[in-house]
Amino acid sequence: MKNRQVSQALKELALLIQIEGTEEYKARAYFRAVRSVGSYGEDIEAVARHGELTNIPGVGKAIAEKIEAFLASGSIPLLDELRKKVPVKVMELEAIPGVGPKTIKLIYEKLGVTDLVSLEKAAQDGLLEDLPGMGTKTQLQIIEGIELLKAGLGRTLLADAMEIAESLRKRIEAHPTVNQIVITGSFRRRRETVRDIDILVDAPDAVSVMEAFTNFEGVIEIIGKGDTKSSIRLENLMQVDLRIIPTESFGAGMQYFTGSVDHNVHLRGIARQKGLKLNEYGLYKDETKIAGENEEQIYEKLGLKWIFPELREDRGEIEAAQNGTLPNLISLDDIKGDLHSHTDQSDGTNTIEEMLGAAAEKGYEYFCVSDHTQSLTIANGMDETRLLRRIDEIDDLNAAGRWKMKILKGAEVDILADGDLDIRDDVLSQLDFVTVSIHSRMKDDKKKMTGRVCHALENKYVHLLGHPTGRLLLKRPEFEIDLEAVFETAKKNNVAMELNAHPKRLDLNSGNLRAATRLGIKISINTDAHRIAELDNMQFGIYEARRGWLEKFHVLNTYSLKDLQRLLKK
DNA sequence: GCCGTTTTCGGCCCGACTGTTTTCAGTCG
């Protein structure tokens with residue numbers, strides 16, 4: 001997917017326009033497009049092919065043309081022109097905390113600074129402190145910002161952020177005057193990765209809470225400290241913001257700090273139309289607060305149903321809340337089984353009995369054991385002989401009836417270079433549930449990869465495509481694949497798509513989930529657990545599913561065993 | 001540059017904090 005490259009190009013364009021300084025609103029329009037393209041999820045090339053770029057919020061005719069130019073040629077004429085005019089590496093300078101467009105413009109014009117290296121030198125030589133509006137502190141801040149950037153300031157997996165956030169929550173809750181505490185921001189929207197943690201606290205004694213917070217163990221820097229807001233940096237470089245909001249404004253604070261930016265901007269627009277004003281303290285008519293203590297009131301007074309945080313990305317949820325057509329989102333309780341798991345038979349750590357015992361404790365109605373197959377030698381994949389033995393073993397286990405849960409005979413079968421499977425059909429036909437996955441040749445070009453996957457989906461014993469794009473968050477991008485063609489083939493052959501719930505995968509992503517379910521394709525949310533503890537990863541799959549507007553009926557493993565078996569019939 | 005049930009023109013979210021300033025500009029979220 002080229003979404004990221006497109007959004008980066010638009011961002012550079014936006015920054016350069018902003019540095020020119022004459023068309024602020026144009027720059028803002030570009031920034032809006034940067035955010036919505038960056039988080040759109042669906043493959044931008046597919047969207048462009050259908051001439052639907054202007055369906056993306058904030059993308060109009062002019063920006064759509066620029067996206068098309070970029071996709072066709074890898075560049076945008078206006079961007080090339082601006083780069084010549086202002087030969088500054090704006091993207092790397094803007095990434096420094098505390099450095100924005102005005103600073104970039106100033107240091108370029110006065111000192112000829114064009115990139116990170118020349119900025120660092122200028123700062124160390126003490127040239128920044130003499131510039132108008134700057135001083136020794138700003139100069140030091142920039143030097144530290146560059147250090148921070150080099151040290152790898154970035155995003156954190158939601159699962160990791162959750163551990164940090166829970167530990168902070170406990171420590172803040174221990175403070176005697178705290179009434180309410182909520183982790184807001186992209187964390188509350190359950191984005192796959194987060195940049196920082198935003199904590200909202202209702203406490204009468206704000207000062208002492210702030211004091212305790214900034215003195216927590218593990219704080220390496222106090223970025224800011226005021227009456228109502230403080231920011232700290234933790235040892236792992238993650239930033240944590242704490243905001244104190246009074247009880248009567250707590251709902252407004254939650255709404256405001258949960259975001260997203262675009263959701264909030266849209267909401268404020270609606271408030272303005274109604275002659276109201278919305279900020280983090282409440283919804284106001286003139287000087288009178290008409291809502292603020294809880295979130296529901298805010299939405300209600302704006303003529304909207306309350307919106308689940310996972311939907312708040314300004315991707316149509318506000319219109320749906322106006323029309324009363326918000327989805328009835330799936331929840332963890334709806335899950336009746338897990339259809340992708342591993343044991344020590346291949347590369348898992350626990351025995352089949354251990355995995356089954358842990359799954360049964362979750363109250364599942366069914367559970368599929370699906371170890372790797374022979375071509376994945378590194379994972380000790382099974383050949384036909386071992387797989388047949390495994391089938392007998394599961395038949396015996398089901399017959400013994402140690403668990404009320406039905407054990408489904410499965411495998412995660414490798415898709416070979418030509419799209420054939422590495423297990424014979426006569427063996428596949430004896431399995432209850434067949435998942436096929438790509439584990440090799442992940443650098444194949446789009447045509448080849450799409451061909452391999454589609455060929456595999458045409459095998460009449462296949463039920464599911466595992467982790468369809470192969471991405472590993474913060475580590476490896478999706479492989480080149482035409483998901484549209486894959487979805488079409490899947491639809492034709494009654495094959496479901498996996499939402500792999502591992503916090504590093506979350507594959508399909510929310511945008512692709514929406515595209516797949518629009519076509520009527522079923523999704524299976526699976527943990528792909530390689531040990532007992534990973535069975536708990538189902539929650540992360542549910543978060544992503546909710547971000548993808550999924551309802552119970554979209555998801556294969558919310559159906560009873562009987563209905564599941566009916567749905568799997570070809 | 002985008003957008004629309006007050007609009008196809010005239011708007012465009014809003015407040016906290018910092019540092020460099022004697023009242024505000026820049027950055028951030």
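Every chain is numbered from 1, with letters handed out A, B, ... down the list of sequences.
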Going by the side chain to side chain donor-acceptor pair (under 3.5 Å) test, which pairs reach into [range], not counting sequence neighbours?
| range | value |
| --- | --- |
| residues 499-521 of chain A | E42(A)-R518(A), T469(A)-D507(A), E498(A)-N500(A), N500(A)-D528(A), N509(A)-N512(A) |
| residues 205-228 of chain A | H175(A)-S208(A), D205(A)-S208(A), E211(A)-N215(A), E211(A)-K225(A), E221(A)-R233(A) |
| residues 130-145 of chain A | none |

Can you tell me if the side-chain N/O atoms of [X] get under 4.0 Å from OP1 or OP2 in [N]?
| X | N | answer |
| --- | --- | --- |
| Y25(A) | dC13(B) | no |
| T228(A) | dG15(B) | no |
| T138(A) | dT20(B) | yes |

Can you check the distance between [N] and [M], where both ends of the measurement are the [atom1] atom (answer in whole Å)?
| N | M | atom1 | answer |
| --- | --- | --- | --- |
| dC13(B) | dG29(B) | C1' | 12 Å |
| dT6(B) | dC2(B) | P | 24 Å |
| dT8(B) | dC3(B) | C1' | 10 Å |
| dA25(B) | dT20(B) | C1' | 9 Å |
| dT22(B) | dC12(B) | C1' | 32 Å |

For atom [atom1] of [X] and atom [atom2] of [N], their distance in whole Å:
| X | N | atom1 | atom2 | answer |
| --- | --- | --- | --- | --- |
| L267(A) | dC14(B) | CG | P | 12 Å |
| N264(A) | dG15(B) | CG | P | 13 Å |
| I298(A) | dC13(B) | CD1 | C1' | 14 Å |
| M134(A) | dG19(B) | CE | C1' | 10 Å |
| L200(A) | dA16(B) | CG | P | 14 Å |
| R272(A) | dC12(B) | CZ | C1' | 7 Å |
| Q255(A) | dC13(B) | CD | P | 15 Å |
| I56(A) | dG1(B) | CD1 | C1' | 15 Å |

* Structure fact -> Residue set satisfying ring pair (Phe, Tyr, Trp, His ring centres under 6.0 Å) with F308(A), at least two apart, ordered chain then number -> W306(A)
* Structure fact -> The ring pair (Phe, Tyr, Trp, His ring centres under 6.0 Å) partners of Y256(A) (sequence neighbours excluded) come to none
For residues 113-123 of chain A, dump all side-chain donor-acceptor pairs below 3.5 Å to protein atoms at least two apart in sequence or in another chain.
| residue | atom | partner | partner atom | Å |
| --- | --- | --- | --- | --- |
| D115(A) | OD1 | V117(A) | N | 3.4 |
| D115(A) | OD1 | S118(A) | N | 2.9 |
| D115(A) | OD1 | S118(A) | OG | 2.7 |
| S118(A) | OG | T114(A) | N | 3.1 |
| S118(A) | OG | D115(A) | N | 3.1 |
| S118(A) | OG | D115(A) | O | 3.2 |
| E120(A) | OE1 | K150(A) | NZ | 3.0 |
| E120(A) | OE2 | K150(A) | NZ | 3.0 |
| K121(A) | NZ | D125(A) | OD2 | 2.8 |

Candidate nucleotides [options], ranked by approach to the side chain of [X] - the nearest:
| X | options | value |
| --- | --- | --- |
| K277(A) | dT18(B), dG1(B), dC14(B) | dC14(B) |
| I63(A) | dA16(B), dT5(B), dC2(B) | dC2(B) |
| A62(A) | dC2(B), dT20(B), dA16(B) | dC2(B) |
| K137(A) | dG1(B), dA16(B), dT20(B) | dT20(B) |

Within the 4.0 Å heavy-atom criterion, would you say [X] contacts the bases, only the backbone, or no part of the nucleic acid?
| X | result |
| --- | --- |
| I17(A) | nothing |
| Q273(A) | base |
| T136(A) | sugar-phosphate |

* **salt bridge (charged side-chain N to carboxylate O under 4.0 Å, His left out) partners of residues 173-189 of chain A, not counting sequence neighbours, each pair once** => R188(A)-E295(A), R189(A)-E313(A)
So which protein N/O to nucleotides 27-29 of chain B N/O distances come out below 3.5 Å?
| residue | atom | partner | partner atom | Å |
| --- | --- | --- | --- | --- |
| dT27(B) | OP1 | G100(A) | N | 2.7 |
| dT27(B) | OP1 | G100(A) | O | 3.1 |
| dT27(B) | OP1 | T103(A) | N | 3.1 |
| dT27(B) | OP1 | T103(A) | OG1 | 2.5 |
| dT27(B) | OP2 | K102(A) | N | 3.3 |
| dC28(B) | OP1 | G98(A) | N | 2.6 |
| dG29(B) | OP1 | R195(A) | NH1 | 3.2 |
| dG29(B) | OP1 | R195(A) | NH2 | 3.2 |
| dG29(B) | OP2 | R195(A) | NH2 | 3.0 |
| dG29(B) | N2 | Y256(A) | OH | 2.5 |

* Counting only non-hydrogen atoms, which of residues 310-325 of chain A are less than 4.0 Å from DNA chain B? -> none
* Any residue of residues 28-49 of chain A with a heavy atom less than 4.0 Å from an atom of DNA chain B -> R28(A), A29(A), Y30(A)
* R243(A) to F257(A) six-membered ring, cation-pi geometry met (6.0 Å, 45°) -> no
* **Mate of dT8(B) where both pairing distances stay under 3.5 Å, Watson-Crick or G-U** => none
* Comparing G226(A) and K66(A) on DNA chain B - which has the more 5′ nearest nucleotide -> K66(A)
* Residue whose nearest DNA chain B nucleotide is more 5′ - G133(A) or D227(A) -> D227(A)
Side chains of residues 53-74 of chain A: which donor-acceptor partners sit under 3.5 Å, not counting sequence neighbours?
| residue | atom | partner | partner atom | Å |
| --- | --- | --- | --- | --- |
| S73(A) | OG | A69(A) | O | 2.9 |
| S73(A) | OG | S75(A) | N | 3.3 |
| S73(A) | OG | S75(A) | O | 3.2 |

* Asked: Side-chain donor-acceptor pair under 3.5 Å between N537(A) and T527(A), yes or no?
  -> no
* Asked: Can you tell me if D314(A) and H263(A) form a side-chain donor-acceptor pair at under 3.5 Å?
  -> no
* **Identified salt bridge (charged side-chain N to carboxylate O under 4.0 Å, His left out) partner of E310(A) from the options R315(A), R190(A), R546(A)** => R546(A)
* To do: Begin from the C-alpha positions of Q18(A) and Y30(A) and carry the test side-chain hydrogen bond (donor to acceptor under 3.5 Å, both in side chains) through to its verdict.
  => CA-CA 10 Å; Q18(A) 210 171 24; Y30(A) 273 93; over 6 Å; no
Expected list for residues 102-110 of chain A: side-chain donor-acceptor pairs under 3.5 angstrom, two or more places apart:
| residue | atom | partner | partner atom | Å |
| --- | --- | --- | --- | --- |
| K105(A) | NZ | I19(A) | O | 3.3 |
| K105(A) | NZ | E109(A) | OE2 | 3.3 |

